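Here the structure is laid out as structure tokens; the discussion comes afterwards.
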Amino acid sequence: IFGWLLSYVLMYVETGDFLTGSKAGELYRAQGSLLFVFDPFHLARETFSVTSFHGYLGSFIDRMWVIPIAFALVILWRIDKALFFYCLAMVVISASAARYTSFSRYLCIVFPIFIAYGKYFSTSGKLTGYYLTMAFLLGLQMIFIIRYLNNYWVG
């Protein structure tokens, strides 16, 4: 709470208006809002509104994470309910509030996903799946590097 209040004070000191940061958010194409968190139909519409492979809005890559996250949630339910609810809240808030914009980047802070997959791949017989997952993620990273070098959206 202190950090949040400090940011508003700093905005006021620098610009003369406490709400400069909030007003700047209106200029973004994604037009995110915390009110979207309370509208499950909006989240469902956004989940299936793919308009590009990996663009600022409507990115297939950002939406494809829904399936691995659902699988991770099943694992987390069995491991630890607190991690399950943390993961669920972080995923729903970041996906719905920002309309999936940069969703794959937001997933970096949802550490229970990594715990779930660590638990899944640590059981015997999952080594092939582990290597296939790592190869897929390496390929995705290469796509991101190529897109970045060619000045395309990677976010």
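FYI, the numbering just counts along the sequence from 1. Quick caveat, the model's predicted, so the values are computed rather than measured.
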Under 4.5 Å between side-chain heavy atoms, counting indirect links through other Ile/Leu/Val/Met/Phe/Trp/Tyr residues: same cluster for [X] and [Y] or not?
| X | Y | value |
| --- | --- | --- |
| Trp4 | Met90 | no |
| Phe84 | Trp65 | yes |
| Leu88 | Leu43 | yes |
| Leu137 | Tyr120 | yes |
| Leu107 | Ile109 | yes |

Counting C-beta onward and ignoring hydrogens, is there a side-chain heavy-atom pair between [X] and [Y] closer than 4.5 Å?
| X | Y | answer |
| --- | --- | --- |
| Asp80 | Lys119 | no |
| Met11 | Leu19 | no |
| Ile61 | Phe144 | yes |
| Phe103 | Val91 | yes |
| Leu10 | Leu6 | yes |
| Trp153 | Arg147 | yes |
| Thr20 | Asp17 | yes |
| Val50 | Ser59 | no |

Assess the pair Tyr8 and Phe18: is the distance between their ring centroids shorter than 6.0 Å? no
Are His54 and Tyr152 an aromatic pair by the rule of ring centers under 6.0 Å? no
Aromatic plane relationship, [Y] with [X] - under 30° parallel, 30 to 60° tilted, over 60° perpendicular:
| X | Y | answer |
| --- | --- | --- |
| Phe71 | Tyr117 | tilted |
| Phe36 | His42 | parallel |
| Tyr130 | Phe121 | perpendicular |

How far apart are the closest heavy atoms of Ile79 and Ala116, and which atoms are they? CD1-CA, 4.4 Å
If you take all heavy atoms of Ser102 and Arg105, which pair is closest and at what distance?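 Between these two residues, the closest heavy atoms are OG-NH2, 2.6 Å.
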Within the supplied structure, the quantity of interest is the number of heavy atoms (other residues, nucleotides, ligands) at a distance under 6.0 Å from [X] [atom1]; does it exceed 12?
| X | atom1 | value |
| --- | --- | --- |
| Ile67 | CD1 | no |
| Phe111 | CZ | yes |
| Phe114 | CZ | yes |
| Asn150 | CG | yes |

Before giving the answer on side-chain contact (heavy atoms from CB on, under 4.5 Å), spell out for Ile143 and Phe53 the whole-Å C-alpha distance, their side-chain angles and the decisive distance to 0.1 Å. CA-CA 11 Å; Ile143 290 171; Phe53 176 69; 4.0 Å; yes
Say whether, by atom type as modelled, one donor and one acceptor occur between the side chain of [X] and the main chain of [Y] under 3.5 angstrom.
| X | Y | result |
| --- | --- | --- |
| Asp62 | Ser104 | yes |
| Lys81 | Trp77 | yes |
| Arg63 | Glu46 | yes |

Set out, in order, the CA-CA distance, both residues' side-chain angles and the distance that settles side-chain contact (heavy atoms from CB on, under 4.5 Å) for Asp39 and Arg45, then state yes or no. CA-CA 10 Å; Asp39 185 2; Arg45 279 191 308 272; 4.1 Å; yes
